[in-house]
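One structure is given here, and the rest of the page talks about it.
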Amino acid sequence: MKDNDYNMQDYQETYSSFQWDRPEKYNFARDVIDRWDPSKAALFWVDDAGTEISKIFGEISEASRRLCNVLTDAGVGKGDTVIVMLPRVIPWWETFTATLRMGAVISPGTVQLSEKDLEYRINAAAATCVITDSANAAKVDAVLGKCPTLAARIVTDGQRAGWIDYRQAVAAAAPDFEAADTGADDEAICYFTSGTTGYPKMCIHTHDYALGHRITGELWLDLKPGDLHWNVSDTGWGKAAYSSYFGPWLCGTTLFIHHTSGFNPQQTLELLAKYPVTTFCGAPTIYRMLVLEDLGRYRFKTLRHCTGAGEPLNPEIIDTWKKATGLTIRDGFGQTETVILCASFPCIEPRAGSMGKPAPGIDLQVIDDEANIVGPDTEGDIAVRIRPQPPQGFFREYRNDPERTAATRRGDWYVTGDRAYRDEDGYFWFVSRADDVILSAGYRIGPFEVESALIEHPAVAESAVVSSPDETRGEVVKAFVVLAPGYAASDDLKRELQDHVKRVTAPYKYPRRIDFIDALPKTVSGKIRRVELRAGERQNQDPDA
């Protein structure tokens with residue numbers, strides 16, 4: 001392997017000259033993992049007990065080849081789906097590499113999946129194998145009789161009746177395995193991603209999805225072979241592919257991995273100060289929790305670059321983090337269906353609250369209902385041009401769901417389901433998810449602006465804003481607020497927050513209703529589940545619904 005092809009200094013020049021690699025054949029394990037110097041550091045793993053484990057690329061490569069032999073002996077073949085449900089443990093990275101190497105299809109899932117979730121996923125994907133740990137194996141056993149395609153079960157941290165012992169089997173397996181000569185357009189990854197209705201969709205990526213993350217790693221995360229990169233992300237989320245696997249390892253970057261039972265902001269800051277982490281990526285929820293700590297107590301001597309993804313990051317949080325660390329959190333926008341689409345790249349002047357500019361290789365626009373590109377400062381749907389040829393890393397389809405696949409297309413465009421506007425200088429500004437827009441007395445109100453206004457108040461740790469049915473206005477703005485330490489819920493505080501929003505933004509956007517709650521409902525990736533809050537509002541207003 002070689003070092004980065006691009007070190008973007010001039011955004012416009014890079015955007016104009018960028019060319020995708022379009023190989024006919026591609027296998028990430030063979031073409032990336034195996035080609036780095038085998039003695040090069042691949043990952044550094046720590047846990048809450050203080051255990052530290054280092055792995056070099058040669059060790060990751062060999063472990064994955066051994067696991068390929070274990071999977072083959074267990075009946076897993078090219079094209080078969082392997083469901084992987086593991087926390088941040090080293091076998092997750094070995095398994096990801098092994099499935100790609102042998103041409104199987106990996107389907108990552110969070111360890112928070114229920115028995116019902118697993119039954120649905122195994123059957124929907126016709127999965128042949130499940131790899132998980134002892135804490136979750138019982139969930140698989142509980143639905144085994146309802147999953148006829150499941151031929152093999154592998155447990156990574158012990159022994160269990162009917163299961164293959166990962167550690168013993170990998171240690172005993174032959175170290176040689178020839179990588180499948182997979183086509184770049186062969187299926188490689190199956191992500192289950194929730195929509196606004198129905199069961200989760202199976203988002204299918206091909207092997208060249210990995211190559212699409214060249215712009216993720218090199219240009220947004222700004223990674224170099226000497227970096228130690230920490231991405232605080234659940235392994236079941238597509239963000240792990242972005243920032244915990246493909247992006248960093250395309251660049252030869254060493255991963256910093258913290259295995260923990262739950263997120264602790266103080267512990268995270270202590271680890272950032274203790275270890276020589278150079279680049280850090282987290283969801284906005286992570287940063288919101290970190291800035292509630294006394295950041296002045298910590299010194300991050302090696303940290304040089306910070307990124308955030310998952311949903312827009314409030315300008316107030318960006319400002320607080322920069323005052324404490326000297327570093328700007330660079331927002332990035334992408335989806336499970338894509339690679340990075342838009343970002344505040346290191347070479348562009350950041351604008352607080354902006355999504356940044358389109359990624360090289362991506363024709364990103366704001367379009368109207370007739371698929372026309374709209375002018376500056378005009379709200380519309382964020383869309384990616386996919387004809388005559390999609391950008392690299394773009395998903396193939398929602399498997400067995402042509403209607404929902406077709407619903408994302410509008411003319412030559414893939415419509416992301418997010419709304420934004422683009423300013424005169426080419427910066428994108430997020431408004432809301434398409435189904436999150438609040439229509440109140442004829443006004444269109446995006447929840448993000450209201451949430452940003454609320455979080456500027458010292459009493460607010462987090463907030464989520466949704467529409468609430470109203471007989472007179474159709475909908476009104478409803479805010480769910482998690483209070484910062486030292487503040488107590490009261491009617492006086494509600495009025496204070498309402499007056500604050502009226503001062504910070506247009507008065508018609510203020511939340512006419514406020515509920516104080518202990519925690520916001522979130523996905524495993526840290527995204528606020530506004531759909532759940534919105535559904536609750538409709539149920540409360542119409543108990544018979």
Side-chain angles (χ1 to χ4, degrees), residues 27-29 60-87 89-180 182 186-192 202 204-205 207 235-236 245 399-400:
N27 187 292
F28 187 81
I60 298 296
S61 179
E62 180 178 329
S64 73
R65 293 195 302 271
R66 290 178 181 272
L67 180 55
C68 285
N69 286 315
V70 173
L71 290 168
T72 300
D73 291 344
V76 179
K78 184 178 180 181
D80 287 343
T81 298
V82 178
I83 289 180
V84 180
M85 185 172 60
L86 290 170
V89 292
I90 293 172
W92 186 88
W93 280 264
E94 296 170 345
T95 298
F96 215 113
T97 306
T99 53
L100 296 174
R101 183 183 298 280
M102 68 187 296
V105 177
I106 187 169
S107 183
T110 170
V111 295
Q112 297 180 40
L113 293 176
S114 67
E115 294 174 7
K116 184 178 179 181
D117 295 329
L118 280 166
E119 179 185 346
Y120 169 71
R121 291 184 179 215
I122 292 168
N123 289 327
T128 304
C129 177
V130 171
I131 301 178
T132 190
D133 58 7
S134 56
N136 290 282
K139 299 176 185 177
V140 180
D141 287 340
V143 299
L144 185 60
K146 302 175 184 178
C147 303
T149 63
L150 193 60
R153 292 163 289 161
I154 301 177
V155 62
T156 59
D157 58 349
Q159 295 182 338
R160 186 179 180 88
W163 290 69
I164 297 170
D165 183 324
Y166 180 100
R167 290 181 293 197
Q168 286 189 359
V170 169
D176 299 319
F177 188 94
E178 184 174 353
T182 46
D186 287 350
E187 291 187 9
I189 305 172
C190 173
Y191 273 111
F192 283 81
M202 288 185 286
I204 303 300
H205 280 290
H207 280 270
T235 51
Y245 191 79
R399 183 190 283 169
N400 301 330

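Values reported hereafter were calculated over all heavy atoms of this structure, with side chains retained and with hydrogens, waters and symmetry mates removed.
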Could you tell me which non-hydrogen atom of [X] sits nearest to which non-hydrogen atom of [Y], and how far apart they are?
X: Val170; Y: Ala63; answer: CG1-O, 4.2 Å
X: Gly158; Y: Arg167; answer: N-NH2, 3.4 Å
X: Pro87; Y: Trp92; answer: O-CB, 4.1 Å
X: Cys68; Y: Ala98; answer: SG-O, 3.3 Å
X: Val105; Y: Cys190; answer: CG1-N, 3.8 Å
X: Gln112; Y: Lys139; answer: C-NZ, 4.2 Å

First locate atom [atom1] of [X], then atom [atom2] of [Y], and finally report the distance between them rounded to the nearest 0.5 Å.
X: Leu118; Y: Leu144; atom1: CG; atom2: CG; result: 11.5 Å
X: Arg399; Y: Tyr191; atom1: CZ; atom2: OH; result: 14.5 Å
X: His205; Y: Glu187; atom1: NE2; atom2: CD; result: 11.5 Å
X: Leu71; Y: Met102; atom1: CG; atom2: CE; result: 5.0 Å
X: Thr132; Y: Leu113; atom1: OG1; atom2: CG; result: 9.0 Å
X: Leu86; Y: Thr156; atom1: CG; atom2: OG1; result: 5.0 Å

What side-chain donor-acceptor pairs closer than 3.5 Å can you find for residues 78-85, not counting sequence neighbours?
from	atom 1	to	atom 2	distance (Å)
Asp80	OD2	Gly77	N	2.8

Check each of Ile204, Thr99, Ile106 against Ile189 using the side-chain contact (heavy atoms from CB on, under 4.5 Å) test, and report the only one that passes.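 Of all the options given, the one that passes is Ile106.
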
Show, in sequence, the C-alpha distance, side-chain angles and deciding distance for Phe96 and Thr235, and conclude whether the side chain to side chain contact (heavy atoms under 4.5 Å, CB included) test is met. CA-CA 11 Å; Phe96 215 113; Thr235 51; over 6 Å; no

Under 3.5 Å, side chain of Asp157 to main-chain N/O of Asp133, donor-acceptor pair present?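 Here the side-chain-to-backbone pair does not exist.
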
Within the distance-only criterion (no hydrogens, no angle test), does the side chain of Asn69 pair as donor or acceptor with the backbone N or O of Pro175 below 3.5 angstrom?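 No; judged by distance alone, with no hydrogens or angles, the pair does not exist.
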
Look at the aromatic rings of Phe28 and Tyr245 and report parallel, tilted or perpendicular, splitting at 30° and 60°.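 Tilted: the ring planes of Phe28 and Tyr245 meet at 30° to 60°.
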
Please list all pairs meeting side chain to side chain donor-acceptor pair (under 3.5 Å) that have one or both residues in residues 116-131, counting only residues at least two apart or in different chains.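 The answer is Ser114-Asp117.
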
For Leu150 and Val140: C-alpha separation, side-chain torsions, deciding distance, then whether side chain to side chain contact (heavy atoms under 4.5 Å, CB included) applies. CA-CA 10 Å; Leu150 193 60; Val140 180; 3.8 Å; yes

Side chain to side chain contact (heavy atoms under 4.5 Å, CB included), that's the test. Do Leu67 and Tyr166 meet it? Break it down for me. CA-CA 8 Å; Leu67 180 55; Tyr166 180 100; 3.8 Å; yes

Taking only residues two or more places apart in sequence or in another chain, which ones pass salt bridge (Lys or Arg N to Asp or Glu O under 4.0 Å) with Asp141?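 Counting only residues at least two positions away or on another chain, Asp141 forms a salt bridge (Lys or Arg N to Asp or Glu O under 4.0 Å) with Arg153, Arg160.
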
Carefully, step by step, assess Arg66 and Glu94 under the rule side chain to side chain contact (heavy atoms under 4.5 Å, CB included). CA-CA 10 Å; Arg66 290 178 181 272; Glu94 296 170 345; over 6 Å; no

Ile131 versus Pro91: any side-chain heavy-atom pair under 4.5 Å?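 No, their side chains stay 4.5 Å or more apart.
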
Please tell me if the side chains of Val70 and Ile164 come closer than 4.5 Å, counting only heavy atoms from C-beta onward.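 Contact flag for Val70/Ile164 side chains = yes.
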
